[in-house]
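This report refers to the structure that appears directly beneath it.
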Amino acid sequence: MLKKIKTQAKTAMISTLAAGALLSYSTGAAAQEVKTQPASYQTVTEIKDWGAVNTKLIVDLGRSVPKGSITPDTFSVHVKRSDHRLKTPFLEEGSRKITNVYVSDKKGNPAVKTGRYAVLEMEVSPASSLSSALNYDAAGTGFNDWTENKYTITQQKDIQTNAGVISGLVINQFAGETKELVKDFSTGQATYNHITLSYANYAPEKDKEKNPLIIWLHGGGEGGTDGTIPLSANKAVNFATEDIQDHFDGAYVLAPQAPTYWMDGITGRADGTSKYEEALMALIQEQVATNPDIDPSRIYIGGASNGGYMTMLMTRDYPGYFAAAFPVCEGLNNSLISDEDIQSVKQTPTWFVTAENDTILPPSLNTVPTYERLVAAGAKNVHLSLFEDVHDTSGLYMNADGTPYQYNGHWSWIYVFNNEVDTVINGNTITLMDWLAEQSLQN
């Protein structure tokens with residue numbers, strides 16, 4: 001009996017040793033590392049309600065990997081942000097949270113079976129600046145500009161491939177960027193009487209009908225000489241989205257840019273004039289004259305803050321040219337508008353948008369009394385959307401107490417870009433974009 005037990009023990013030991021040897025062999029084979037080509041990354045920038053943010057990285061892994069071979073904890077992401085305009089360019093640095101990953105092609109499209117690239121989607125929030133692709137230089141230029149965001153992607157877990165294991169990647173080579181929607185616009189410059197305006201414009205898909213023109217005038221933080229800034233510091237690119245384009249059956253978009261501020265007047269800031277007014281009108285007229293597909297009876301002009309100020313000047317000084325106007329948190333003080341000006345402005349159908357808690361351009365000094373004077377003067381097509389505040393309506397961003405994230409009360413343009421401005425006309429609820437699309441000088 002004792003001999004039998006010893007024999008069984010010996011057999012078990014041999015089996016254990018054999019299994020250990022097999023396990024050791026298998027692990028060694030799986031752990032064999034494979035060489036990769038030099039790795040790099042591309043950034044993807046999207047325009048959110050609060051501005052431009054890096055939402056994704058498209059990482060070139062240097063070798064094809066199977067679909068599903070990476071997870072959110074395969075990599076860590078660190079970013080360092082800088083603004084070249086500043087005496088001390090460094091802004092901040094920190095870790096970005098990865099929320100989703102997938103194997104893809106070079107353009108970021110999900111791979112069917114294998115792909116050489118990995119898309120890393122990252123968390124974004126209006127309360128966090130680490131993702132921001134812009135910086136507002138409040139103490140210096142007073143303008144927004146693109147930042148330099150340097151990323152380092154560090155591999156934390158092995159990637160298994162049919163050829164072996166990829167490990168130890170540290171990727172910090174920048175290989176380009178994509179700015180979603182911004183890339184659908186073209187940019188240019190035009191000079192009139194020694195004043196040069198930059199601009200961005202968008203052309204809809206060709207059809208058999210003439211198309212309207214939407215003019216958007218930027219706010220005070222978007223001046224300069226880079227026509228992409230007025231599209232990106234807030235969500236003006238949304239005029240090119242399918243959601244808004246569908247309201248117009250396709251519309252051209254023109255976003256002019258002042259070198260400084262639309263409010264820079266002949267005698268001083270916000271004096272009821274603008275040194276850029278004649279140049280702006282010349283740019284608009286040139287765009288219309290050189291594009292026979294633009295319907296001159298359907299030109300709509302709007303803008304926020306500084307741009308709302310300029311919108312008021314344009315409808316005041318060029319009555320009968322624009323089919324409709326939509327000034328947002330406009331900055332033309334009611335005291336600068338004469339009764340004669342009211343008679344000019346009322347000729348253009350106008351929809352005002354602002355928020356009660358706007359402390360930068362209080363509606364009690366600008367929008368509300370002007371609207372009331374237009375109504376009293378018999379304006380037949382004038383509307384006012386006066387919001388209580390400006391808050392997130394997507395449900396994605398919350399305050400600590402669970403209420404919707406609260407934006408600065410001056411940012412009422414957020415509602416415009418999301419087409420969340422509406423009113424009741426003749427018993428029917430109509431949005432701002434639908435109302436604009438209905439306006440025509442022929443009506």
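Fair warning: this is a prediction, and the values are worked out from it, not measured in the lab.
- Using the six-membered ring where Trp is involved, Y405 and Y407 have ring planes that are perpendicular, over 60° apart on the 30 and 60° scheme.
- A donor-acceptor pair under 3.5 Å is formed between the side chain of N408 and the backbone N or O of H410.
- The stretch residues 80-126 participates, sequence neighbours left out, in no ring pair (Phe, Tyr, Trp, His ring centres under 6.0 Å) pair at all.
- A cation-pi geometry, defined here as NZ or CZ lying under 6.0 Å from the six-membered ring centre and within 45° of its normal, does not hold between R96 and Y151.
- S132 places a side-chain N or O within donor-acceptor distance of the main-chain N or O of L134, the cut-off being under 3.5 Å.
- Considering all non-hydrogen atoms of both residues, H247 and D243 come closest at CD2-O, 2.9 Å.
- Checked for salt-bridge contact, K107 and D105 miss the test: no charged N lies under 4.0 Å from a carboxylate O.
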Can I get a per-line list of side-chain donor-acceptor pairs under 3.5 Å for residues 210-218, giving both atom names and the distance, sequence neighbours left out?
unit_1 : atom_1 : unit_2 : atom_2 : d
N211   : ND2    : D207   : OD2    : 3.2
N211   : ND2    : D249   : O      : 3.2
N211   : ND2    : G250   : O      : 3.0
H218   : NE2    : A258   : N      : 3.0
H218   : NE2    : W262   : NE1    : 3.3

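- The closest side-chain donor-acceptor pair between E286 and Y192 falls under 3.5 angstrom.
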Might you work through the side-chain contact (heavy atoms from CB on, under 4.5 Å) test for V103 and V119, ending with a clear yes or no? CA-CA 6 Å; V103 177; V119 171; over 6 Å; no
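- Judged as a side-chain hydrogen bond (donor to acceptor under 3.5 Å, both in side chains), and not counting sequence neighbours, S125 has no contacts.
- In summary, the side chains of D389 and Q406 do present a donor paired with an acceptor at a separation below 3.5 Å, with no hydrogens or angles considered.
- A donor and an acceptor atom, one from each side chain of N149 and N54, are located under 3.5 Å apart.
- Look at K275 and E277 and you find no salt bridge, because none of the NZ, NE, NH1 or NH2 atoms lies under 4.0 Å from a carboxylate O.
- Looking at N135, T141, T147 one by one, the single match for side-chain hydrogen bond (donor to acceptor under 3.5 Å, both in side chains) with D83 turns out to be N135.
- Between W50 and Y397, the ring planes lie perpendicular to each other; the angle is over 60°, past the 30° to 60° tilted range.
- Between Y415 and F387, the two ring planes are parallel [angle under 30°; tilted spans 30° to 60°].
- Taking all atoms of both residues into account, the shortest heavy-atom contact from T290 to P292 is O-CD, 3.6 Å.
- S167 and E33 are linked by a side-chain donor-acceptor pair at a separation below 3.5 angstrom, with hydrogens and angles left out of the test.
- Separation of the F417 and F239 ring centroids falls under the 6.0 Å cut-off.
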